Amino acid sequence: MGRKTKTQSSSLAGETITGPFFSRVVGQKVICSYLKKAIGHQRLAHAYLFTGAPGVGKDAVALDFATALLCDKFETSPEEAPCRTCPQCLLAARLQHPDLHITAPRPGKTSRTRMESEHQDGTTEFFDKKLLEALKKKATDHYFPVLLPRARDILIEHIRLLINQASRVPYQAKRKVFVIFYADKMNLNAQNAFLKILEEPPEDTHLLLMAEREGALLETIRSRCQHLIFQPLAAKDIEAELRVRQPDIGDAAPLISQLSGGSLHQALELTQMDWNALQSLVVNYLAACANRNPIELAAIFKKLLPDDYSNDYRGVHLTLGTLQLFLRDVATLQTARRAGKDMSLQLMLSSVKDRAEKLLDAFPDANSELAVRAVQTARDHLDRLYTPINILTELSYQLSHALGRKRKSQRAA
Ligand SMILES: [Zn+2]
């Protein structure tokens, strides 16, 4: 499926985070208000564990929380932290505060050696530079993922460094904050080393751990942290954020937010898609099902499935998601026709409305609700790793059944 050549534009690019506490965090109201209270009452845990899917805002919350902990106001009038104007806040906003320590996975020695032989610049300095670049981007967009190429683990050497830094007095603020991105990528040795600091954390130290896979962390680590679980974002919150970041996004915003699975990362990636091509593909697929045309179907399956063994079924996921939205529109139009009302405003894919109308003209007795459910079943099966070609074949049969008999002398959609 085609991607636009346009780079990911952001109206926020180049600015560090300003404004009230958590004002740049998307959704996650319950967690934000809980942490705001903890800051206001200076009632804090030494270690926090934030878990949730990628792109739901764990890092964004952690970095703003860290700023509040470092802010000068935190000591005197904590309810006003972060003030965004004191030297601590200004340095923390650039992620350059000497008491804000950030740990992220880095490539292990084997990967580094391999890259050194492959590329001239596969050295440690190369990765230090890459990490600095990533953190620079992270400072202007807290949703930017800090994941270096081939960085699979957080190793014991990184945790030893962290323990050493934690044993020192703060340089500039009253406390030290350690933020660990992808803490679930600590290998077992690193986790065991990390346990030591969790068992007896220095008085002026706070540890903020982000993790996608909670189960990858030792139970002894989890039980020593205050654990906050981040839920997927609501589609309306993602849509609003997309409109702020890309004011010219238009009709794609509601569609992308529906398909993003509650992740802002996923939504931003989807903004790079060629939506017109995807919508055409979906409509053509449905037409091939309706016309029971095995040759057309085979051609469409070929487009959807990866031709290598990558198991990358994102194309199928996206197509089924879009197909489901299209069929929901068909259902809405059908209801509107029967009630003699105009419900165009409720359509998700308004740009292919005429195709949905044509489909209904050709298949007046289509059971569109049944078709929507068939797509949902296919999506569930895909999540459970059934063979995609079998899922698509079964779905095509179900859809042709749901559409019912074709009105004579009409070609569908
Ligand atoms: Zn401040």
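Hydrogens, waters and symmetry mates are skipped; everything else that's a heavy atom, side chains included, is used. Please read all numbers here as calculations on a predicted model, not as lab measurements.
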N/O donor-acceptor pair under 3.5 Å between Tyr143 side chain and Val25 backbone
no

Heavy-atom pair with the smallest gap, counting every atom of Val282 and Thr319:
CG2-O, 3.6 Å

Give the intermediate values and the outcome of salt bridge (charged side-chain N to carboxylate O under 4.0 Å, His left out) for residues Glu357 and Arg337.
CA-CA 10 Å; Glu357 298 268 19; Arg337 279 188 183 192; 2.8 Å; yes

Using a 4.5 Å cut-off on heavy atoms from C-beta on, say whether the side chain of Ile229 contacts that of Phe50.
no

Side chain Lys176, main chain Arg168, donor-acceptor under 3.5 Å
yes

Gap between atom CG of Leu395 and atom CG of Leu323 - 0.5 Å precision
6.5 Å

Given Cys83, Ser77, Pro78, the one that forms side chain to side chain contact (heavy atoms under 4.5 Å, CB included) with Glu80:
Ser77

Taking the side chain as everything from C-beta on, heavy atoms only, tell me whether Asp59 gets closer than 4.5 Å to Val146.
no

Residue pair Ile156 / Phe194, side-chain heavy-atom distance below 4.5 Å
no

Please find the pair of heavy atoms, one from Pro82 and one from Thr67, that lie closest to each other, and give the distance.
CB-CG2, 3.9 Å

Listed pairs under 3.5 Å, donor-acceptor, residues 253-263 side chains, sequence neighbours left out:
from   : atom 1 : to     : atom 2 : distance (Å)
Ser257 : OG     : Ala253 : O      : 2.6
Ser257 : OG     : Pro254 : O      : 3.1
Ser260 : OG     : Ser257 : O      : 2.9
Ser260 : OG     : Gly262 : N      : 3.4
Ser263 : OG     : Pro54  : O      : 2.9
Ser263 : OG     : His265 : N      : 3.3
Ser263 : OG     : Gln266 : N      : 3.1

State, yes or no, whether a side-chain contact exists between Arg224 and Leu195 at a heavy-atom distance under 4.5 Å.
yes

Candidate pair Phe21 and Ile39, rule side chain to side chain contact (heavy atoms under 4.5 Å, CB included), full reasoning
CA-CA 11 Å; Phe21 200 7; Ile39 290 280; 4.0 Å; yes

Rounded at 0.5 Å granularity, tell me how far CZ in Phe74 sits from SG in Cys86.
12.5 Å

Do you know which two heavy atoms are closest between Val61 and Ile31, and how far apart they sit?
CG1-CG2, 4.3 Å

Hey, are the side chains of Leu188 and Leu218 touching, using non-hydrogen atoms and a 4.5 Å cut-off?
yes

Could you tell me which residues satisfy side chain to side chain contact (heavy atoms under 4.5 Å, CB included) with Leu161, sequence neighbours excluded, listed by chain and number?
Gln165

Electrostatic pair Glu369-Arg328, nearest N-O below 4.0 angstrom
no

Could you tell me whether Arg24 and Asp141 have a side-chain N and a carboxylate O separated by less than 4.0 Å?
no

Val179 and Leu100: CA distance, side-chain angles, deciding distance, side chain to side chain contact (heavy atoms under 4.5 Å, CB included) verdict:
CA-CA 7 Å; Val179 176; Leu100 174 61; 3.9 Å; yes

Test item: Pro388 and Leu305 side chains (from C-beta on) under 4.5 Å apart, heavy atoms
yes

Closest heavy-atom contact between Asp237 and Gly27?
OD2-CA, 3.6 Å

Measuring from atom CG of Leu392 to atom CG of Leu297, what distance do you get when rounded to the nearest 0.5 angstrom?
9.5 Å

Output for pair (Leu403 CG, Gln398 CD), nearest 0.5 Å, gives 11.5 Å

Per salt bridge (charged side-chain N to carboxylate O under 4.0 Å, His left out), Asp184 is matched among Lys58, Arg152, Arg213 by Arg213

So, Glu157 and Arg160, do they make that salt bridge, N to O below 4.0 Å?
no

Would you kindly say whether Tyr182 and Thr103 are connected by a side-chain donor-acceptor distance under 3.5 Å?
no

Has Lys138 got its NZ or CZ under 6.0 Å from the middle of the six-membered ring of Phe181, at an angle within 45 degrees of the ring axis?
yes

Between Leu327 and Leu286, is any pair of side-chain heavy atoms under 4.5 Å apart?
yes

CG-CG distance between Leu242 and Leu268, expressed to the nearest 0.5 angstrom:
6.0 Å

Side chain to side chain contact (heavy atoms under 4.5 Å, CB included) between Val56 and Gln231: does it pass, once the steps are laid out?
CA-CA 7 Å; Val56 295; Gln231 300 296 337; over 6 Å; no

Can you tell whether the side chains of Arg245 and Glu241 come within less than 4.0 Å, N to carboxylate O?
yes

For the OH atom of Tyr285 and the OG1 atom of Thr322, what is their distance to the nearest 0.5 Å?
13.0 Å

Check Gln172 against Pro98 and note the closest heavy-atom contact, atom names and distance.
OE1-CG, 3.6 Å

I'd like to know if the side chain of Arg106 and the backbone of Ala151 have a donor-acceptor N/O pair within less than 3.5 Å.
no

Below 4.0 angstrom, N of the basic side chain to O of the carboxylate: do Arg373 and Asp380 qualify?
no

Audit row: Phe65, Leu44, side chain to side chain contact (heavy atoms under 4.5 Å, CB included) steps and yes/no
CA-CA 11 Å; Phe65 188 54; Leu44 298 153; 3.7 Å; yes

Would you please say whether a donor-acceptor pair under 3.5 Å links the side chains of Arg175 and His206?
yes

Is any side-chain heavy atom of Arg243 less than 4.5 Å from a side-chain heavy atom of Ile249?
yes

Among residues two or more places apart or on two chains, list those pairs meeting side chain to side chain donor-acceptor pair (under 3.5 Å) that have a residue in residues 42-51.
Thr51-His227

Testing the 3.5 Å rule here: is there a donor-acceptor pair between the side chains of Asp72 and Gln88?
yes

With a 3.5 Å distance limit and no angle check, can you tell me whether Asn187 reaches the backbone of Asp153 through a side-chain donor-acceptor pair?
no

Over all heavy atoms of both residues, which pair between Ala62 and Leu208 is shortest? Give the atoms and the distance, please.
O-CD1, 3.5 Å

